[in-house]
Amino acid sequence: MNWLILVTAGLFEIIWAIGIKYTEGFTRLWPSVGTLAAMTVSVILLGIAMKSLPVGTAYAVWVGVGAVGTAIFGIILFGESASAMRLFSLGLIVAGIVGLKLATPT
């Protein structure tokens, strides 16, 4: 269950990372409110997951899910580069997340 909570925290990290782009420097009210709400939910869920998961593993997975998801949405929404090297590098992050999951006895 804590892994599901952790992945959900990572999904909220994607929401707030993409949301920052839409806040235009936190000058737009509703994108700013949504982004701050997603930040809050993300960190609270991370804290809950850390009750039983190792801090290094939980944080690395949270950041990894957020980084990969944000990069993918950057490609889709903002036309960012989808070069082979960039996609390969994202794959390495995913491999790291899987490795951490497999190496964590919970």
Is there a donor-acceptor pair closer than 3.5 Å between any side-chain N or O of Thr27 and the backbone N or O of Glu24?
-> yes
With sequence neighbours left out, the residues meeting side chain to side chain contact (heavy atoms under 4.5 Å, CB included) with Val41 are Phe12, Leu45
Across all chains, not counting sequence neighbours, the side chain to side chain donor-acceptor pair (under 3.5 Å) partners of Ser42 are Trp62
When hydrophobic residues are tied together by side-chain contacts of less than 4.5 Å, even through go-betweens, does Ile15 share a cluster with Leu77?
-> no
Applying salt bridge (Lys or Arg N to Asp or Glu O under 4.0 Å), which residue pairs with at least one partner in residues 38-54 are found, sequence neighbours left out?
-> none
Salt bridge (Lys or Arg N to Asp or Glu O under 4.0 Å) pairs touching residues 55-71, sequence neighbours excluded, are none
Determine, using the 4.5 Å side-chain heavy-atom cutoff (strictly less than), whether Trp3 and Val63 are members of one ILVMFWY cluster.
-> yes
Non-neighbouring partners of Phe26 that pass ring pair (Phe, Tyr, Trp, His ring centres under 6.0 Å), sequence neighbours left out | none
Joint hydrophobic cluster, Val94 plus Val65, side-chain heavy atoms closer than 4.5 Å | yes
Indicate, with yes or no, if Ile76 and Ile18 share a hydrophobic cluster defined by side-chain heavy-atom contacts under 4.5 Å among Ile, Leu, Val, Met, Phe, Trp and Tyr.
-> yes
Quick one: list whatever passes side chain to side chain donor-acceptor pair (under 3.5 Å) with Arg86, sequence neighbours left out.
-> Glu80
Where at least one partner belongs to residues 12-21, residue pairs that pass side chain to side chain donor-acceptor pair (under 3.5 Å), sequence neighbours excluded = none
Those residues that, when tested against Ala58, pass side chain to side chain contact (heavy atoms under 4.5 Å, CB included) (two or more places apart) | Leu6, Leu46, Met50, Leu53
Heavy-atom distance under 4.5 Å between the side chains of Ile72 and Ile14, does that happen here?
-> no
Taking a hydrophobic cluster as the set of Ile, Leu, Val, Met, Phe, Trp and Tyr residues connected by side-chain heavy atoms closer than 4.5 Å, whether directly or through intermediates, do Phe78 and Leu90 fall within one such cluster?
-> yes
To the nearest 0.5 Å, atom CD1 of Ile20 lies from atom CG of Leu36 at 8.5 Å
With sequence neighbours excluded, what pairs up with Phe73 under the ring pair (Phe, Tyr, Trp, His ring centres under 6.0 Å) test?
-> none
pair Thr104-Pro54: side-chain heavy atoms closer than 4.5 Å = yes
Report the residues that fulfil ring pair (Phe, Tyr, Trp, His ring centres under 6.0 Å) with Phe88, sequence neighbours left out, ordered by chain and then residue number.
-> none
With rounding to the nearest 0.5 Å, note down the distance linking OG in Ser83 to CD1 in Ile75.
-> 8.0 Å
Which hydrophobic side chains are connected to Leu29, either touching it within the sub-4.5 Å cutoff or through other members that do?
-> Trp30, Val33
